[in-house]
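All remarks here apply to the structure that follows.
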Amino acid sequence: MEKMMLAKQKEHLSELRAKSAEEHEALIRDPKDSETEASFGGRLAEKITGAIATWKFIMVQTGIIVGWTAYNILVKKSAFDPFPFILLNLFLSFQSAYTAPAIMMNQKRQAKNDQK
């Protein structure tokens, strides 16, 4: 009787281990194995988000904006973009119109990779 119970317990333990391995397979495997090959657009979106998500980008952009506004304020009459800086607003709107979708594409791709 004891041998039978031990055999059942071993069998049950082996079933639990197999079930646990199946359930935790995603946690055990290497994350690089689950990544899908990125398309050209996906790689481009990743490069764009990688570039804009840095302090270097923020500092350079801040410098450009400050320089742009300072030059146009100081030059006054011969300024190429006088106050209210409509051309600067156009460039910043253009940048955000293309940056936001690139960020969303990259997030969507990362979410797909995380689901696998």
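Hydrogens, waters and symmetry mates are skipped; everything else that's a heavy atom, side chains included, is used.
- To the nearest 0.5 Å, atoms CZ (Phe85) and CG (Leu92) are separated by 12.0 Å.
- Contact record, Ser78 with Val75: OG-CG1, 2.7 Å, taken as the closest heavy-atom pair.
- Going from atom CE of Met104 over to atom NZ of Lys108 covers 10.0 Å, rounded to the nearest 0.5 Å.
- Among pairs with a residue in residues 41-57, those fulfilling salt bridge (Lys or Arg N to Asp or Glu O under 4.0 Å) read Glu46-Arg109, at least two apart in sequence or across chains.
- One hydrophobic cluster, built from ILVMFWY side chains closer than 4.5 Å, holds both Leu87 and Ile65.
- Scored by the side chain to side chain contact (heavy atoms under 4.5 Å, CB included) test, Leu44 finds Phe40, Ile48 as partners (sequence neighbours excluded).
- When all heavy atoms are compared, the tightest approach of Pro82 to Asn72 is N-OD1, 4.3 Å.
- Under a 4.5 Å side-chain heavy-atom cut-off, the cluster of Ile, Leu, Val, Met, Phe, Trp and Tyr residues that includes Met105 has no other member.
- Linking ILVMFWY side-chain heavy atoms closer than 4.5 Å, directly or via other members, places Ile64 and Tyr71 in two distinct hydrophobic clusters.
- Summarising the local packing, CZ of Phe80 is surrounded by more than 12 heavy atoms from other residues, nucleotides or ligands at distances under 6.0 Å.
- For the atom pair Asp81 CG and Asn89 CG, the distance stands at 8.0 Å (nearest 0.5 Å).
- The two residues Pro101 and Ser96 have their closest heavy-atom pair at CD-O, 4.2 Å.
- For the residue pair Ala45 and Ala102, the shortest heavy atom distance occurs at CB-O, 3.5 Å.
- Atoms CZ and OG1, on Phe57 and Thr62 in that order, are 9.0 Å from each other to the nearest 0.5 Å.
- Going from atom CD of Gln107 over to atom CD1 of Ile103 covers 7.0 Å, rounded to the nearest 0.5 Å.
- Cluster annotation: Phe83 is connected to Leu88 through the hydrophobic network of ILVMFWY side chains, with a link wherever side-chain heavy atoms come within less than 4.5 Å.
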